[in-house]
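Structure record follows, encoded as structure tokens.
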There are 2 protein chains.
Amino acid sequence: MTRKKVKLDFITNDSARKATYKKRKNGLLKKVNELSTLCGIDACAIIYSPYETHPEVWPNTLGVQRVIARFQRMPEMEQIRKNLNQESFIKERITKTNEQLRKQYKNNRKKEITELMYQCLTGRGLEDLNVVDLNDLGWMLDQNTKEIYRKVESIKKRAPEQKAAPPLALQVPPPTPRPTNGGGC
Amino acid sequence: MTRKKVKLDFITNDSARKATYKKRKNGLLKKVNELSTLCGIDACAIIYSPYETHPEVWPNTLGVQRVIARFQRMPEMEQIRKNLNQESFIKERITKTNEQLRKQYKNNRKKEITELMYQCLTGRGLEDLNVVDLNDLGWMLDQNTKEIYRKVESIKKRAPEQKAAPPLALQVPPPTPRPTNGGGC
DNA sequence: TTTTCTATCTATAACCC
DNA sequence: TGGGTTATAGATAGAAA
């Protein structure tokens, strides 16, 4: 049972590291095989470990030699310029992870405000809320109101003959224009 | 939404193949990075594709060169003898898949028999069952009975002082020895 | 130690814009 | 074409056998 997200760091426990190595090495070789098969491309992988005297490779010695030969033939300067190097790879990962974090924050905020909104429906007062919360709450109410209008229009358009009258008696006033707070939640 | 299990075969649709390539290439490089970091090992991957003039590699040109140099230094004969070659890799996969299939059969059979057992509890007759089903049903009843005994013993052992008497009045007879049918279900 | 189990995390196919 | 979303398939950490 994967208790926590694995932190991407050297595993200091020897036996745990070995177990992880064996599992992940198999998974990795399988992935290379799949990529090569699905997309019909040339690829190779070479993995050294302290557990085996020889490296584990995909697809086989000759296949690796062939890919290596192709790789060696490239002009060196171009290689360095174009290739994904470890530093840029990690930087890219950091960017992606930060992006995920940002989304998660946004999502959490939406959930908080939704929760607040439902509390208001059951009698919660607004006295103790600060201006940011009030603003976001207003934003969410606007969004929901707009959504309702959109759905009503969509229903009217889709089936105008089925129920021409009476029109829906919604008397909700249109949402008051409200200063944006930089993208809402 | 992954509708079906992906069949491991060349993707003939060009755009689908390209999309899959890009996703899986990223996933693969990430996996190599993780393996190398978690287990502190030397590894490299080289991927050629028709979408780029240069191969995508991990970790970087110099890292790949280093691993290649190490690889090239190995006596060729040993390489060929010891390395995982593509044919044996695929054979291994076939073996593993067959193993999974066998387990699934066994599991399905257990579920069938369990279902049958519960039906019997609600009045189903045994008249139309063949000898194999009857045998497996008997086996499952034995297993369940044994399990009950095990649990009773376990409870007695764990808390003998809490409830020394009266002993549990289970009058279920011990399971009748029954000829095995080659591993049961 | 290795194998097995399984809850949980991760990758990704199909879809949508 | 590329980026985002969602549901399912797949990988795997940790525990138990």
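Numbered from 1 within each chain, the chains take letters A, B, ... in sequence-line order. All heavy atoms count here, side chains included; hydrogens, waters and symmetry mates do not.
Identified under the salt bridge (Lys or Arg N to Asp or Glu O under 4.0 Å) test for residues 117-127 of chain A, with sequence neighbours left out: A/R124-A/D128. Residue pairs meeting the salt bridge (Lys or Arg N to Asp or Glu O under 4.0 Å) criterion with at least one partner in residues 35-45 of chain B, sequence neighbours excluded, are B/D42-B/R66, B/D42-B/R70. Residue pairs meeting the ring pair (Phe, Tyr, Trp, His ring centres under 6.0 Å) criterion with at least one partner in residues 94-124 of chain B, sequence neighbours excluded, do not occur; the list is empty.
Here B/I47 contributes atom CD1 and A/C39 contributes atom SG; the two are 10.0 Å apart, rounded to the nearest 0.5 Å.
We find that CD of B/Q100 is positioned 15 Å from C1' of C/dT3, with the value rounded to whole Å. Rounded to an integer number of Å, the gap from B/Q104 CD to C/dC5 P is 12 Å. Taking atom NZ on B/K7 and atom C1' on D/dA9, their separation rounds to 16 Å, with Å as the unit. Between B/Y21 atom OH and D/dG2 atom P there is a gap of 13 Å when expressed in whole angstrom units. Atom-to-atom, NZ of A/K23 to P of C/dT1 comes out at 14 Å; the value is rounded to the nearest Å. Going from atom CG of B/D14 over to atom C1' of D/dG2 covers 17 Å, rounded to whole Å. In this structure, CG of A/D9 is placed 16 Å from C1' of D/dA13, rounded to the nearest angstrom. Rounded to an integer number of Å, the gap from NZ of A/K22 to P of D/dA13 is 14 Å.
The residue among A/L38 and A/S15 whose nearest nucleotide of DNA chain C is located toward the 5' end is A/S15. When each of A/N26 and B/K18 is assigned the nucleotide of DNA chain D with its nearest heavy atom, B/K18 is the one assigned upstream, toward the 5' end.
Residues A/L29 and A/V57 have side chains not in contact (no heavy-atom distance under 4.5 Å, counting atoms from C-beta outward).
Direction change of the helix axis from one end of the helix from C/dT2-D/dA17 to C/dC17-D/dG2 to the other is 30°, with five pairs defining each end axis (rounded to 10°).
Taking only side-chain nitrogens and oxygens, A/T20 comes nearer than 4.0 Å to OP1 or OP2 of D/dA13. Applying the 4.0 Å criterion to OP1 and OP2 of D/dT12, one finds that B/K31 has a side-chain N or O inside that range. When the side-chain nitrogen and oxygen atoms of A/K30 are compared with OP1 and OP2 of D/dA11, one or more of them lie within a distance under 4.0 Å.
When each of D/dT5, C/dA13, C/dC5 is scored by its nearest atom to the side-chain atoms of B/R24, the top-ranked nucleotide is C/dA13.
Scored by the side-chain hydrogen bond (donor to acceptor under 3.5 Å, both in side chains) test, A/E99 finds A/R102 as partners (sequence neighbours excluded). With sequence neighbours excluded, the residues forming a side-chain hydrogen bond (donor to acceptor under 3.5 Å, both in side chains) with B/Y21 are B/S49, listed by chain and number.
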